[in-house]
Undergrad: 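Take a look at the following structure, please.
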Amino acid sequence: MGVTRARVLSVIFVATTWLLLAAPRAESDALAGPTTMIEEDAASREAWPTSDAASDAASDAASDTTIEAAATRGPCPEDMVEISGKYCPELVQQCLAWLPNEQGGVDRCAQFAPSEPCKTTPVKKHFCIDRFEFPNRRGQRPVVMKTWIEAQDTCRAAGKRLCGDTEWTLACEGSRRLPYPYGRKRDAQACNIDRTLLQVDEKAIADPKRSTAEVARLWQGEPSGSRARCTSPYGVYDMTGNVDEWVVNESSKPFRSGSKGGYWGPVRARCRPMTTAHGETFPFYQTGFRCCADPEPRPTRR
């Protein structure tokens with residue numbers, strides 16, 4: 001009887017111990033089970049074919065993402081500045097004080113009064129313009145000795161075009177119609193202007209064998225973007241001084257070619273004036289260019 005009772009107690013003890021050990025594992029399996037099922041169901045659903053409606057929704061979402069990315073990029077290439085504003089065709093800018101003329105220098109105003117209101121209806125313009133003089137890279141020397149035709153062809157090859165003279169002017173003077181891109185007071189520290197000119201050897205310039213050396217001797221330009229203050233209200237660099245820039249003379253009189261901005265010498269170096277004396281096939285040691293382009297249309301949501 002004592003043996004039987006001992007055996008019964010032993011069996012009960014073993015059974016109880018097994019139940020106690022198994023219960024936590026069973027509880028753990030019970031808790032883990034639903035989570036595993038959810039993860040498996042999600043993975044399975046990703047592999048299921050979507051309905052046409054779901055496909056359309058996904059396509060629309062992708063399209064919206066593309067539109068948002070395009071809108072972030074803007075309508076102009078990264079190396080260009082978007083210009084949107086109103087150009088004044090007829091404007092009075094009164095000079096308050098003139099600088100004395102120097103060799104090769106004329107019409108240099110030291111201080112302007114605020115520009116008067118536009119005398120005609122302003123013209124709205126929207127375009128892209130190179131941030132720097134061609135080759136449009138900060139820290140590189142601007143290209144010179146290109147004719148107006150060569151400059152036009154270079155811009156076209158890049159998918160751009162030469163700027164119209166009114167576009168160039170707007171990009172230089174901004175909405176306040178400043179005479180200089182940096183303000184109303186002439187400042188030779190802001191832009192590369194008012195240097196003493198060297199005597200040009202016209203025969204050397206015209207001689208293909210000596211032209212390169214003569215241009216190098218005469219050069220007083222600076223790498224594009226060298227002066228932080230020589231920026232227009234729109235953020236375009238070196239629009240006055242450094243090198244003259246070919247533009248399209250929109251009047252076509254006397255030529256289709258015109259040049260804007262002046263160069264490093266004691267010349268006007270202002271936003272408004274344009275030199276129209278040189279024809280389309282004329283190259284010179286201080287004349288460069290920059291390009292413009294039409295902006296890409298902004299994407300619209302459906």
Side-chain angles (χ1 to χ4, degrees), residues 79-80 103-106 129-158 160-165 167-169 171-172 181 188 191-227 230-232 236-249 255-271 273-292:
D79 62 347
M80 304 187 84
Q103 175 204 355
V106 294
I129 188 170
D130 284 350
R131 192 176 302 276
F132 304 102
E133 299 149 328
F134 188 84
N136 194 26
R137 296 189 185 95
R138 184 194 292 270
Q140 290 206 10
R141 176 172 166 166
V143 169
V144 293
M145 288 297 292
K146 296 293 184 183
T147 68
W148 181 89
I149 292 173
E150 290 171 331
Q152 182 81 285
D153 290 344
T154 300
C155 289
R156 285 174 177 166
K160 303 177 183 180
R161 56 178 172 77
L162 273 184
C163 304
D165 66 88
E167 292 176 319
W168 195 102
T169 300
C172 181
C191 291
N192 182 21
I193 57 174
D194 293 342
R195 293 179 180 269
T196 301
L197 292 177
L198 302 176
Q199 187 65 39
V200 180
D201 185 339
E202 300 280 358
K203 291 183 178 180
I205 284 283
D207 185 348
K209 294 181 180 179
R210 296 189 291 159
S211 177
T212 300
E214 179 64 5
V215 170
R217 183 185 71 83
L218 296 169
W219 179 258
Q220 296 185 67
E222 297 175 346
S224 293
S226 295
R227 304 195 188 199
C230 195
T231 54
S232 78
V236 186
Y237 282 79
D238 302 314
M239 298 204 77
T240 57
N242 217 32
V243 299
D244 239 335
E245 299 183 22
W246 284 123
V247 295
V248 176
N249 178 0
F255 307 105
R256 294 177 298 162
S257 52
S259 60
K260 299 274 290 181
Y263 60 114
W264 57 74
V267 295
R268 292 177 298 189
R270 304 202 316 260
C271 293
M274 176 171 61
T275 300
T276 59
H278 306 303
E280 294 93 336
T281 59
F282 175 83
F284 214 42
Y285 72 96
Q286 33 73 320
T287 304
F289 63 98
R290 76 177 75 219
C291 304
C292 280

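These figures come from a predicted structure and were not determined experimentally.
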Undergrad: Walk me through it: do Trp168 and Leu162 pass the test side-chain contact (heavy atoms from CB on, under 4.5 Å)?
TA: CA-CA 10 Å; Trp168 195 102; Leu162 273 184; over 6 Å; no
Undergrad: Please examine the side chains of Val248 and Gln152, heavy atoms only from C-beta on, and report whether any two atoms are closer than 4.5 Å.
TA: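 In short, these two side chains touch, coming nearer than 4.5 Å.
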Undergrad: Could you walk me through whether Asp153 and Glu150 satisfy the side-chain contact (heavy atoms from CB on, under 4.5 Å) test, starting with their C-alpha distance in whole Å, then the side-chain angles of each, then the deciding distance to 0.1 Å, before giving a yes or no?
TA: CA-CA 5 Å; Asp153 290 344; Glu150 290 171 331; 5.7 Å; no
Undergrad: Ignoring hydrogens, what is the shortest heavy-atom contact between Glu133 and Ser224? Give both atom names and the distance.
TA: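 In this case the closest contact between Glu133 and Ser224 is OE1-OG, 3.4 Å.
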Undergrad: Counting C-beta onward and ignoring hydrogens, is there a side-chain heavy-atom pair between Tyr285 and Val144 closer than 4.5 Å?
TA: no
Undergrad: Look up atom OG1 in Thr169 and atom CE in Met239, then write down how far apart they are to the nearest 0.5 Å.
TA: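 Those atoms lie 8.0 Å apart.
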Undergrad: Is there a side-chain contact between Pro266 and Leu197 in this structure, where contact means two heavy atoms from C-beta onward sitting under 4.5 Å apart?
TA: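 Yes, side chains in contact.
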Undergrad: Would a 4.5 Å heavy-atom cut-off, applied to side chains only, mark Tyr237 and Arg131 as touching?
TA: yes
Undergrad: Do Thr154 and Phe289 have side chains that approach each other closer than 4.5 Å (heavy atoms only, starting at C-beta)?
TA: yes
Undergrad: Check Cys155 against Cys291 for me: are their SG atoms closer than 2.5 Å?
TA: yes
Undergrad: Quick one: are Cys163 and Ile129 in side-chain contact, heavy atoms under 4.5 Å?
TA: yes
Undergrad: Can you tell me how far the CG atom of Leu218 sits from the CG atom of Leu198, to the nearest 0.5 Å?
TA: 6.0 Å
Undergrad: Checking the side chain of Arg290 only, and the main-chain atoms of Asp130 only, is there a donor and an acceptor separated by less than 3.5 Å?
TA: yes
Undergrad: I need the minimum non-hydrogen distance between Pro142 and Val243, along with the two atoms involved.
TA: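 It is CB-CG2, 4.0 Å.
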Undergrad: What are the two closest non-hydrogen atoms of Ser257 and Gly279, and how far apart are they?
TA: OG-C, 3.2 Å
Undergrad: If you round to the nearest 0.5 Å, how far is NZ of Lys260 from OG1 of Thr287?
TA: 14.5 Å
Undergrad: In Å and rounded to the nearest 0.5 Å, what is the CZ to SG distance from Arg161 to Cys292?
TA: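 With rounding to 0.5 Å, CZ (Arg161) is 5.5 Å from SG (Cys292).
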Undergrad: Considering non-hydrogen atoms only, spot the tightest contact between Cys271 and Thr240 and give its length.
TA: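 It is N-CG2, 4.2 Å.
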Undergrad: Give, for atom OG1 of Thr275 and atom CD of Glu245, the distance between the pair rounded to the nearest 0.5 Å.
TA: 12.0 Å
Undergrad: Flag the pair Lys160 / Met80 as yes when at least one side-chain heavy-atom distance between them is below 4.5 Å, and no otherwise.
TA: yes
Undergrad: For the pair Asp165 (side chain) and Met274 (backbone), establish whether a donor and an acceptor sit closer than 3.5 Å, ignoring hydrogens and angles.
TA: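 Side chain of Asp165 to backbone of Met274: no pair is present.
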Undergrad: At what distance, to the nearest 0.5 angstrom, does CG of Asp238 lie from CD of Glu222?
TA: 8.0 Å
Undergrad: Are any non-hydrogen side-chain atoms of Ile193 and Tyr263 less than 4.5 angstrom apart?
TA: no
Undergrad: Under a 4.0 Å threshold between the charged nitrogen and the carboxylate oxygen, would Arg217 count as salt-bridged to Asp201?
TA: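 Not counted as a salt bridge, because no side-chain N and carboxylate O are separated by less than 4.0 Å.
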Undergrad: Can you give me the closest heavy-atom contact between Asn192 and Gly221, atom names plus distance?
TA: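 Closest approach of Asn192 to Gly221: ND2-CA, 3.6 Å.
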Undergrad: Can you label the angle between the Phe282 ring and the Trp246 ring as parallel, tilted or perpendicular, going by 30° and 60°?
TA: perpendicular
Undergrad: Check Val215 against Ile205 and note the closest heavy-atom contact, atom names and distance.
TA: CG2-CD1, 3.9 Å
